[in-house]
Amino acid sequence: MEPKLRIEGASKIYATKSGAVHALEDFSLDVHEGELVCILGPSGCGKTTLLWALSGLHALSSGRILLDGTPVVGPRPKEIGMIFQDANLLPWRNLRQNIEFPFEIKKRPVDGQRIDALLGETGLRDFVGSMPRELSGGMQQRASIVRALAQNPGVLLMDEPFGALDAFTRDEMNLLLMRLWSESGQTIVFVTHNISEAIFLADRVVVMTPRPGRLARVYEIDLPRPRTVEMMFESGFIELVQDMKRVVETGGRDLLEVE
Ligand SMILES: Nc1ncnc2c1ncn2[C@@H]1O[C@H](COP(=O)(O)OP(=O)(O)O)[C@@H](O)[C@H]1O
Ligand SMILES: [Mg+2]
């Protein structure tokens, strides 16, 4: 079967005043339809660079991205949704107006039914009239998820979306994301530097090397679904965290010793 997303030999070099910054090097990966893949790597290894290339917002220096078999050469907002660490809500619009904003930009009729269902599932129904400053960080991030999912994109790209939240809220958001995903069947590429989060969420965890980001190792995660927070305390989970931590720290250079 054709992959939903194909990354072929992706490389990115930024030209800066102080010289070339090699952010991403020959990174290749197939992501299958309906899969939840976590990209894990240390800060500065090129995760965001990779995600922006996947979105079509930034071009690669070499290599290419295919979505449903066709090259991504520019933004495809109907098919690809993005969620960032910052909820990026417009401060002068209430929650519902923020969620409806992408429909206005795209001049599409607002899908009120879908929005209402998502608001219900995320526990935000009573806050539609609230302004962003009146909402907690977790609620703001839930609103940004509703805003993205209301567009019903086939692919969701998430860049450390829960990185600014406290640990409890993060667990809650991860559970919420998995529940929404199990209902929608979307393809998700989720970037994080948090090892437990990656294992907890993913079908596969793709570990990147430090900059320039290359593929260090891919782990299939066979934890049953639905997943629970308790699974993170099981010995198999903790061993996997330790193993991945070593790969992240060594950039996968210990591969030969491990296998
Ligand atoms: N627009 C840019 N111009 C120059 N260098 C950049 C730019 N964006 C990112 N970089 C550099 O590329 C590397 C990878 O950055 P990034 O993709 O943001 O990593 P990550 O998201 O994994 O932290 C870093 O060294 C960063 O400083
Ligand atoms: Mg980043």
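Only this structure's heavy atoms are used, side chains among them; waters, hydrogens and symmetry mates stay out. When a ligand or atom number is given, it counts from 1 through the structure's own listing order.
Leu40 places none of its side-chain heavy atoms less than 4.5 Å from the side chain of Met208. A 4.5 Å side-chain heavy-atom check between Gln85 and Leu165 finds every atom pair outside the cut-off.
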Item to check | side chain to side chain donor-acceptor pair (under 3.5 Å) assessment of Thr49 paired with Tyr14 | outcome: CA-CA 10 Å; Thr49 300; Tyr14 292 104; 2.9 Å; yes
Checklist entry - What do the steps show when you test Arg96 against Asp116 for salt bridge (charged side-chain N to carboxylate O under 4.0 Å, His left out), and what is the final call? => result CA-CA 10 Å; Arg96 180 155 204 121; Asp116 285 338; 3.0 Å; yes
Next on the checklist: Under the criterion salt bridge (charged side-chain N to carboxylate O under 4.0 Å, His left out), I'd like the reasoning laid out for Asp68 against Lys4: C-alpha separation, chi angles, the key distance, then a yes or no.
Outcome noted: CA-CA 5 Å; Asp68 292 322; Lys4 183 74 181 169; 3.1 Å; yes
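Heavy-atom distances between Gly41 and ligand 1 stay at or above 4.0 Å for every pair.
Residue-ligand proximity, Ser43 to ligand 1, at heavy-atom distances under 4.0 Å covers atoms 23 (O). Counting the atoms of ligand 1 from 1 in the order shown, those under 4.0 Å from a heavy atom of Cys45 are 19 (O), 20 (P), 22 (O). Residue Arg211 approaches ligand 1 through these ligand atoms, each under 4.0 Å from one of its heavy atoms: 13 (C), 24 (C), 25 (O). The ligand atoms of ligand 1 that sit less than 4.0 angstrom from a heavy atom of Thr48 are 17 (O), 18 (O), 20 (P), 21 (O).
Protein heavy atom in closest approach to atom 23 (O) of ligand 1: Gly44 N, 2.6 Å. Annotation: atom 1 (N) of ligand 1 to nearest protein heavy atom, Tyr14 CE2, 3.6 Å.
Between Thr49 and ligand 1, a contact under 3.5 Å exists for at least one N or O pair. Of the N or O atoms in Val21, none lie within a sub-3.5 Å distance of an N or O in ligand 1. Geometrically, ligand 1 and Gly46 share a nitrogen or oxygen pair separated by less than 3.5 Å.
Stacking of Arg170 on the aromatic ring of Phe168 is not recorded, the 6.0 Å distance cut-off and the 45° axial limit not both being met.
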In a table with atom names and distances, give each donor-acceptor pair under 3.5 Å that connects a side chain of residues 126-135 to protein atoms at least two apart or in another chain.
residue: Ser130; atom: OG; partner: Phe127; partner atom: O; Å: 3.4
residue: Glu134; atom: OE1; partner: Met131; partner atom: N; Å: 2.7

Between side-chain atoms of residues 75-82 and protein atoms elsewhere (two or more places apart, or another chain), which donor-acceptor pairs fall under 3.5 Å?
residue: Arg76; atom: NE; partner: Glu79; partner atom: OE1; Å: 3.0
residue: Arg76; atom: NH1; partner: Pro71; partner atom: O; Å: 3.3
residue: Arg76; atom: NH2; partner: Thr70; partner atom: OG1; Å: 3.2
residue: Arg76; atom: NH2; partner: Glu79; partner atom: OE2; Å: 3.2

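Pairs passing the ring pair (Phe, Tyr, Trp, His ring centres under 6.0 Å) check and including a residue from residues 76-110, sequence neighbours excluded, read Trp52-Phe84.
Annotation: Glu104, atom CD; neighbour count of heavy atoms from other residues, nucleotides and ligands within 6.0 Å is above 12.
Ring orientation note: the planes of Phe190 and Phe162 are tilted relative to one another, at an angle of 30° to 60°.
Taking a cut-off of 2.8 Å, the protein N, O or S atoms nearer than that to the Mg ion (ligand 2) are Thr48 OG1.
Note that atom 27 (O) of ligand 1 has no protein non-hydrogen atoms nearby, at separations under 4.0 angstrom. Checking atom 7 (C) of ligand 1 against the protein gives a heavy-atom contact under 4.0 Å.
Under 4.0 Å is where a charged nitrogen must lie from a carboxylate oxygen, and between Arg225 and Asp203 at least one such pair does.
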